[in-house]
Every structure is written in structure tokens, then in C-alpha cells.
2 protein chains.
Amino acid sequence: MSLRGKVITLQDVAARAGVSRMTVSKVLRGAGNISAETRRRVKQAADELGYLPNNLAGSLSSRKSRMVAVIIPSISDIVFSEVLSGINATLRPRGLQTFIGESLFEPETETELIRAMLSFRPAGILLNGGTARSADAESLLARRTCPAIQLWDCDRRALDFSAGPSHEEAGRLVAGHFLERGLRRIAYVGAELKKDLCAGRRHLALKSSLAAAGIDLLSVTCEDRPRQAVTGRFLTEELMRMRPDVDAIHFLNDAMALGGLSYLHEIGLAVPDRISVVGFNGTSLANAVRTRLTTVDVPRTEIGEKAAQALLQMITEAPMVDSWQAPLELVQGNTTVAI
Amino acid sequence: MSLRGKVITLQDVAARAGVSRMTVSKVLRGAGNISAETRRRVKQAADELGYLPNNLAGSLSSRKSRMVAVIIPSISDIVFSEVLSGINATLRPRGLQTFIGESLFEPETETELIRAMLSFRPAGILLNGGTARSADAESLLARRTCPAIQLWDCDRRALDFSAGPSHEEAGRLVAGHFLERGLRRIAYVGAELKKDLCAGRRHLALKSSLAAAGIDLLSVTCEDRPRQAVTGRFLTEELMRMRPDVDAIHFLNDAMALGGLSYLHEIGLAVPDRISVVGFNGTSLANAVRTRLTTVDVPRTEIGEKAAQALLQMITEAPMVDSWQAPLELVQGNTTVAI
DNA sequence: TTAGTCGATGTTATCGATAACAATTCGGTT
DNA sequence: AACCGAATTGTTATCGATAACATCGACTAA
């Protein structure tokens with residue numbers, strides 16, 4: 001398909017306004033000293049011609065960019081999309097445009113995205129910390145010419161700044177919750193732990209905290225099912241078959257926890273009296289209409305905001321710290337009605 | 001913050017491999033006839049130097065791009081993120097990278113995104129059809145130099161191709177469902193209809209189909225609350241106060257329907273025996289663990305795939321049709337247990 | 001009057017690649 | 001030996017902007 005003819009360039013605007021290219025460039029960027037009259041003429045000419053600047057040329061020439069690359073594992077996961085909202089809300093008013101890529105938790109896809117995005121020489125790059133990073137990705141990042149920020153993970157301090165919770169703290173928090181209540185037959189239910197490294201670290205922290213108290217954590221996980229409600233339900237069924245006397249379960253996330261909850265409800269186990277259930281993320285707080293799940297609330301939007309603020313600081317060369325640890329809060333639910 | 005020194009360019013690779021810039025360019029793009037030995041040397045030199053092509057320069061020079069711009073209203077809305085998955089899955093294997101922007105249903109934000117993305121001269125642009133489009137946006141699109149595709153809306157055929165359902169058909173489908181069952185006290189519950197034009201058209205189609213059967217649709221909507229479960233619940237409460245004898249409700253989407261459902265369950269109204277409830281999207285099919293809501297299923301992933309396929313065709317100049325209408329299916333639920 | 005200053009605009013080189021075409025090499029023909 | 005065409009590699013111009021500096025006139029100060 002072929003679309004209209006002539007592309008309007010600075011030169012065309014300059015000709016129409018009766019000035020040089022440079023003057024047009026300055027007017028449109030709001031740079032330099034240009035008289036009011038000339039500004040008016042140039043703007044009018046640009047409008048009349050419908051001039052659209054070519055960012056490829058502009059950024060190439062100035063070696064500056066207003067684009068920020070963001071790579072997250074999954075767009076449909078509300079967790080990441082809320083982090084993204086925080087990023088957008090902070091960057092957009094400052095004139096920076098975010099470009100989003102989805103890695104699907106796949107290291108190769110992430111690598112390709114990093115390559116593609118860096119090849120546009122962005123003003124900054126924000127990456128999710130949860131994915132395993134390929135050697136190629138590491139070396140691309142090592143040679144970057146813009147600030148890089150790690151999201152969602154504050155334990156692994158790889159780049160210029162990190163914003164996210166300590167997943168190890170999260171694991172300990174949940175362990176403490178169970179131990180305080182004197183629970184001892186504790187299980188963990190999760191999926192795709194090999195892909196989602198953060199979840200993996202929460203799991204390990206839970207396991208070792210419990211081990212320190214002489215408790216052996218029973219983990220029911222699988223790698224080939226999605227980290228969603230249906231899987232939570234399915235694995236909980238398995239768990240209850242294997243060990244019907246379990247009295248506490250920590251789920252990888254809230255979605256899986258709600259799935260598990262529905263099964264526990266169905267077989268008549270009272271939550272939290274007979275069995276304690278804890279999710280992760282706090283997404284259920286916003287979504288649930290009746291069921292209030294006990295969960296670890298993570299300030300998702302704020303993580304995005306802090307990351308974006310850090311980026312802005314780095315772009316403007318301001319001095320700064322190198323990480324922001326998101327506060328975690330264990331929120332008690334009222335789970336008597338299953339979903 | 002200042003990041004390392006020298007940026008590696010084609011010239012550096014050329015020098016190290018002992019060939020000209022042009023040869024390096026050809027090798028790395030896989031173009032032209034280059035001897036195996038030269039290819040080897042060039043690739044090795046590029047690897048050793050850690051060369052990363054500068055897409056700004058490349059695309060500027062060739063006036064070609066491998067980037068595809070996608071603008072959706074909301075990233076956290078699972079509906080759009082599933083469309084996106086279909087797009088990504090189709091384009092990525094063909095070497096096209098998608099860059100995503102979030103318009104938040106705001107015409108000005110959408111306009112700025114269109115401007116920013118077009119100024120990178122992408123290979124194509126995919127836009128959601130649901131948002132009102134500003135005059136500026138229209139004129140930017142009119143002057144585009146790449147194919148443009150409209151997503152999620154097949155009624156308004158503005159661009160080079162449209163992929164999505166007919167929202168008017170959806171409204172009629174729901175009307176038919178109610179009428180077949182002899183229901184006559186019918187209500188509609190929705191939010192932000194001014195922003196989401198597609199929802200608005202579904203609503204109007206429902207209203208006029210019912211009017212044709214002599215039925216007056218009662219609409220309970222508001223503009224200042226999110227299109228989510230809590231709002232569905234809240235508006236359903238209002239509705240039931242205003243008109244307790246209502247026997248059918250169509251909700252803007254599944255999330256709102258589930259919110260409404262929980263309230264109906266709470267006040268003891270049996271669904272679907274006493275009152276019929278229909279959602280929209282079919283997202284509940286995947287998410288619900290126990291509650292199966294009656295809903296209009298939209299093939300979200302497939303919409304993304306069809307749109308991406310059309311784009312690929314246009315890029316390669318192949319002849320083509322100008323729209324794909326997504327099939328809709330009204331799926332019966334088993335709603336006896338509220339969420 | 002004359003240099004100095006400032007504001008407004010223009011000139012030239014450059015950013016890092018690719019297109020289009022030119023040049024070279026080389027084995028095979030006649 | 002001279003020539004030819006295919007395969008390979010190089011040269012030059014260009015993409016559309018911006019940086020850095022040059023210019024020019026008007027106005028001020030000595």
C-alpha cells in the first residue's frame with residue numbers, strides 16, 4: 001500500500017515562513033532567541049503544512065531522546081500494569097514518552113526487546129527484576145548509554161537504581177505470620193517459579209525462615225501451568241490429597257490464592273479458623289467484592305513512581321541514592337465466604 | 001550521570017574487520033552478496049566490539065522501520081492486554097517490534113501518543129477504536145506515511161483496516177437474549193460511557209432493539225467511577241432501590257457484572273431464575289473459578305492476530321480486504337453462586 | 001565617532017546509518 | 001592474450017534534523 005506523496009520537512013516549513021531551517025528548528029523546540037513575529041510566522045507555516053517532526057533525525061542529531069523504554073514480563077498481569085501506571089503518571093507530565101515491551105518471562109524475548117529498545121537510544125530503560133537475564137542481555141545493558149532501573153526487586157541491585165520490595169522480607173513476613181499463630185503444618189503453592197525469580201526468592205525465604213523454627217515447608221508447585229486462579233485451585237486439591245492436615249498455605253499470588261480458597265470452601269474447610277491462607281500483592285484488596293483475603297500488600301503504583309522519579313533525577317544529573325525498598329504490609333482478611 | 005565513553009559505530013566495526021562501512025552494514029542486515037570469509041570477520045569484529053546498531057540512523061536513512069506502534073486505552077484492562085498478546089504473537093516472529101502506549105481513554109493523551117509514535121516513523125500504527133479521537137489526532141493520522149489499523153471496533157471504518165466486533169450486533173444479541181426469554185423489565189448498568197464509545201454503542205443498540213419491541217430500557221450509569229466490580233455493585237444497589245421488580249440486567253462488562261452479581265446474591269435474588277444477568281467480553285470465562293456468568297464472548301486474542309496479519313499484508317503491499325468482523329457468541333452461565 | 005554588546009538569524013559540519021551505483025577481482029571463454 | 005560477466009567490495013550522496021559557531025544590525029557607552 002502506498003500512502004500520499006510528499007513528506008513535509010523542516011526545509012518546507014522554513015521556505016514557507018521565509019526563514020532558515022535552523023530558525024524553524026529553534027522555534028519548534030522553544031530554544032534560542034527568536035522574535036515574537038518570527039515565531040508566529042514559523043508556527044503558522046508549520047500548522048498550515050501539517051509539519052510533523054522526524055524524531056529519528058532529531059534524536060540522531062542531538063543524541064538526546066524523550067523516549068523511555070519499559071520492559072515488563074506480562075501486560076495482562078495487573079501487578080505490572082499498576083507499576084506501569086505509576087511510571088506513566090510520573091514521566092508523562094515531564095514530556096517523556098514511555099514505550100512498553102512485554103517479555104513474557106522469557107529471557108530471549110527480554111534480550112530481543114532490550115536490543116530493539118536500546119537501538120533507539122532511549123533516555124532511560126526500566127526493566128523488571130523478576131526474570132532471569134541472559135548473558136547477552138547483561139552485556140547489552142553493560143554497554144548502554146542511558147540510565148537503567150530495575151523494577152519490582154530490591155534485593156538484586158544490578159543497575160543504576162532499584163525500586164521494589166524485598167522479596168526475602170516478604171517471605172519472612174509470611175513466615176512470621178504463621179509462626180505467631182502457632183501454625184506448624186505449613187505449605188506453599190506456586191507455579192512457574194523458575195521463570196519468576198522474585199516469587200522463587202519469596203519461596204526460599206519462607207522455607208528458610210520456617211526451617212529456622214524447625215518446620216519443614218511443604219511446597220506444591222509446577223512449571224507448566226499459569227500463575228492463575230485455576231492453577232491455584234488445582235494445586236490446592238493436590239495438596240489436600242497429599243496432606244489433608246495442613247493448617248496454613250502461602251500462595252504465590254492473590255489470584256492463585258483465590259483459586260485455592262474456592263476449593264477449600266468447597267470441601268468445607270473454614271478459613272482462617274481451620275486453615276490459614278495468605279496471598280501476595282494486595283491486588284485482591286481492590287478487586288474483591290466480598291472476599292477479603294489475607295495478603296502481603298505491595299505498593300505497586302508507588303514503585304513505578306519512585307522508579308520514574310529516580311530516572312528523572314539521573315537524566316538531570318542530580319545526585320541520588322541507588323534503591324528504594326518498597327514497604328510491605330501484611331493485611332488481614334475476613335475470608336469466610338469463598339469466591 | 002555519565003555512562004562510559006565511546007559509542008561503537010559501524011565505522012569502528014569496519015576498521016577492525018578491515019572492510020568498508022557499507023560491507024559491515026550489508027553483513028549485519030544480511031543483504032547483498034558478501035563472501036563467507038568476510039561475513040565471518042565482520043561478525044566477529046562486531047561481537048568483539050559489542051556493536052549495537054543505531055536504529056535512529058538506520059531507519060532515517062532507509063526510511064524503513066521495524067517498529068509498530070500500538071495505542072490502547074488501558075493496559076490494566078485485561079480485554080486490551082489480550083488483544084495485545086495476539087498482536088505480539090503475530091508480529092514478533094516476523095521481526096517487528098511493538099511499542100505500546102496507554103491513552104487512558106483520554107483524547108488528548110491519545111493525540112500526544114499518536115504524535116510521539118508517528119514521529120518515529122513506524123512501520124504501522126494500531127489504534128483502539130473505542131476512544132473519541134481529537135481533530136488533531138485525525139489530522140495526524142490523515143498525514144501518516146504508514147498503514148493504520150483500528151482495533152476493537154468494526155462499526156466505525158476510519159482507517160486502512162478494522163478488526164473487532166460490531167458493538168451494535170452485541171447490543172442486539174443481548175436484546176434478543178432477553179426478549180426470547182420474555183423478560184420485559186430490563187436495565188443496563190455501565191460507567192464512563194462518554195469515554196468508551198464502543199460501550200456507548202452497545203448500550204444504544206440494546207436500547208433501540210428493545211424500543212422496537214416496545215420496551216423502555218432503564219439505564220443506570222455514571223461517568224465518574226471506574227468500570228469495575230465495585231462500581232457494578234454500587235450501581236446495582238441503586239438500580240434495585242429505584243426499581244426492585246427489574247428482571248434482567250446487562251452490564252457494561254464482566255467485571256461490573258460480577259460486582260452486581262455479588263449484590264444480587266446478597267439480597268437473595270436468584271440468578272438466572274428471578275433475574276437474568278448478562279456481561280460482556282467473556283473474560284469471566286477464563287477467570288471465574290465457580291461462577292459462570294452469562295456473557296458475550298469476544299475473541300480478543302484473535303482480534304489482535306487478525307489486525308497484525310492485516311498489517312503484515314499492507315507492509316508487503318499485498319491486496320486485502322478492509323475489515324474483519326469478530327464473531328460474537330452469547331455464552332450461557334450457571335450463575336447460582338455469587339462471587 | 002567607534003568599539004562593544006546583545007538579540008536575532010544564518011552557515012557549516014555532523015549524527016550513524018543505507019541506497020544507488022561504481023569499481024574491482026577472478027575464473028572461464030574464445 | 002584479451003575479454004566478459006558474475007560475485008564482491010567500495011564510493012558518494014543522502015536521510016532530516018541539531019550543535020556550534022558566524023554574522024549582522026541596532027543600540028549603548030566611552
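Proteins come first, then strands; the chains are lettered A, B, ... in the order of their sequence lines, and each starts at number 1.
- Using modelled atom types, one finds no donor on one side chain facing an acceptor on the other under 3.5 Å when comparing B:T111 with B:R115.
- Across C:dG10, D:dG10, C:dG16, the shortest atom-to-atom separation from the side chain of A:V19 is found for C:dG10.
- Across B:V13, B:T9, B:I8, a single residue satisfies side-chain contact (heavy atoms from CB on, under 4.5 Å) together with B:Q11, and that is B:T9.
- For the pair A:L10 and B:K26, both in contact range of DNA chain D, the more 5′-proximal nearest nucleotide belongs to B:K26.
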Requested in this report: Determine, step by step, whether A:L127 and A:I125 satisfy the side-chain contact (heavy atoms from CB on, under 4.5 Å) criterion, reporting the C-alpha distance in whole Å, the side-chain angles of both residues, the deciding distance to 0.1 Å, and the verdict.
Outcome: CA-CA 6 Å; A:L127 295 159; A:I125 182 167; 4.2 Å; yes

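- Contact check, A:S20 against C:dT9: no side-chain N or O comes under 4.0 Å of OP1 or OP2.
- Rounded to a whole Å, the CG atom of A:L60 is 7 Å from the P atom of C:dG16.
- Distance B:I8 CD1 to C:dA17 C1': 15 Å, rounded to the nearest Å.
- One can place CG of A:L56 at 13 Å from P of C:dA17, the figure rounded to the nearest angstrom.
- Looking at the side chain of A:M22, the nearest of the listed nucleotides C:dG10, D:dA17, D:dG10 is C:dG10.
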Taking only N/O atoms, report every protein-nucleotides 5-8 of chain D pair under 3.5 Å with atom names and distance.
none

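- Judged purely by distance below 3.5 Å, without hydrogens or angles, the side chains of A:S65 and A:S59 never pair a donor atom with an acceptor atom.
- Going from atom CZ of A:R63 over to atom P of C:dT14 covers 12 Å, rounded to whole Å.
- For A:T90 and A:R94, the side-chain atoms include no donor-acceptor pair closer than 3.5 Å.
- Rounding to the nearest 0.5 Å places CD1 of B:I34 at 8.5 Å from CE of B:M22.
- Checking the phosphate oxygens (OP1, OP2) of D:dA17, no side-chain nitrogen or oxygen of B:R121 falls inside 4.0 Å.
- When distances are taken from the side chain of B:N54 to each of D:dA19, D:dT11, C:dG16, the shortest belongs to C:dG16.
- When rounded to the nearest whole Å, the span between CD of B:Q11 and P of D:dT11 equals 11 Å.
- Between B:S61 and A:K64, the residue whose closest nucleotide on DNA chain D is further toward the 5' end is B:S61.
- The distance between atom CZ of B:R21 and atom P of C:dC15, rounded to the nearest whole Å, is 10 Å.
- With no hydrogens or angles considered, a side-chain donor-acceptor pair links B:E48 and B:Q44 at under 3.5 Å.
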